[in-house]
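Letters go in sequence order (proteins before strands), and every chain restarts at 1. Everything numeric here is computed off the predicted structure, so don't read it as measured data.
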There are 2 protein chains.
Amino acid sequence: MDTIDSETIQASETGSLIASSKVEGTRVFDAAGSKLGTVRNFMVDKRSGQVAYVVISTGGFLGLGQAYHPLPWSALRYEDGKGGYVVEVASDMLSGGPSFRPDTAPIFDDAYGARIDEYYRPPAGTISL
Amino acid sequence: MDTIDSETIQASETGSLIASSKVEGTRVFDAAGSKLGTVRNFMVDKRSGQVAYVVISTGGFLGLGQAYHPLPWSALRYEDGKGGYVVEVASDMLSGGPSFRPDTAPIFDDAYGARIDEYYRPPAGTISL
């Protein structure tokens with residue numbers, strides 16, 4: 001088929017770029033392909049423009065049991081085929097890590113960031129793919 | 001005063017980080033301090049997590065005359081004192097650059113990105129501060 005519906009080409013997403021406003025709700029999967037949750041938002045370094053943390057929303061039906069889990073950006077990779085992010089983190093590791101409830105908010109300072117980085121740091125000796 | 005209202009400390013913004021969901025609407029000023037517009041959204045590289053372009057919304061009252069202007073991230077710097085971004089771009093340079101209307105959408109591919117980068121590239125011989 002040579003026809004391309006140009007109406008479907010959006011400025012909100014291209015092959016390599018995605019609009020911040022479209023990030024919210026993007027699905028996150030574990031390595032086995034199970035859905036862990038969705039992206040709530042990104043924490044962006046105001047000066048460098050680098051996304052530092054991705055806050056993943058898990059659980060919750062009508063807000064029950066919903067939790068937010070910040071992960072280092074480097075723990076996620078985008079997979080076109082899945083249309084979402086994949087993390088090498090199992091569900092129980094996610095639930096055991098730093099998290100907060102919708103009605104609370106951590107002080108997202110350097111110490112909190114270091115806690116996140118430390119928790120998700122690959123064990124020494126492993127090779128990052 | 002030693003009292004700190006901890007309720008005002010939000011996870012959506014800290015000294016160096018800002019939530020993507022809070023970026024929309026952040027004000028953008030020119031070097032002289034005049035307000036150029038507000039941030040509509042960011043275009044983020046899905047793989048690296050680097051913010052590639054910042055789309056600035058200018059003009060518009062009830063949608064009249066509103067235009068979106070993508071700028072390279074490197075053209076912006078965040079100023080705490082102003083609570084917003086400052087660009088070394090005058091209003092007429094912004095209006096003469098790549099832009100689109102709310103009812104249209106460019107194909108945000110590499111060629112379009114190169115056009116933006118080229119337009120806002122500092123002249124050779126200047127020193128970037």
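- Both B:L94 and B:V87 belong to a common hydrophobic cluster when Ile, Leu, Val, Met, Phe, Trp and Tyr are linked at side-chain heavy-atom distances under 4.5 angstrom.
- With a threshold of 4.5 angstrom between heavy atoms, A:Y112 does not approach chain B through any atom at all.
- In terms of heavy atoms, B:L17 sits closest to A:F108 at CD1-CD2, 3.7 Å.
- Under a hydrophobic clustering in which Ile, Leu, Val, Met, Phe, Trp and Tyr are joined whenever their side-chain heavy atoms come within less than 4.5 Å, directly or via other members, A:Y119 and A:L36 fall into the same cluster.
- Under the 4.5 Å side-chain heavy-atom criterion for ILVMFWY residues, a single connected hydrophobic cluster contains both A:W73 and A:L71.
- Rounding to the nearest 0.5 Å gives a distance of 14.0 Å between OG of B:S48 and OH of A:Y78.
- At a 4.5 Å heavy-atom cutoff, the contact between A:Y53 and chain B is made by side-chain atoms alone.
- Transitive grouping of hydrophobic side chains (ILVMFWY, heavy atoms separated by less than 4.5 Å) brings A:F100 and A:V39 into a common cluster.
- The nearest pair of heavy atoms linking B:V44 to A:V51 is CG1-CG2, 4.1 Å.
- Under the 4.5 Å side-chain heavy-atom criterion for grouping Ile, Leu, Val, Met, Phe, Trp and Tyr, B:V86 is not connected to B:V89 through any hydrophobic cluster.
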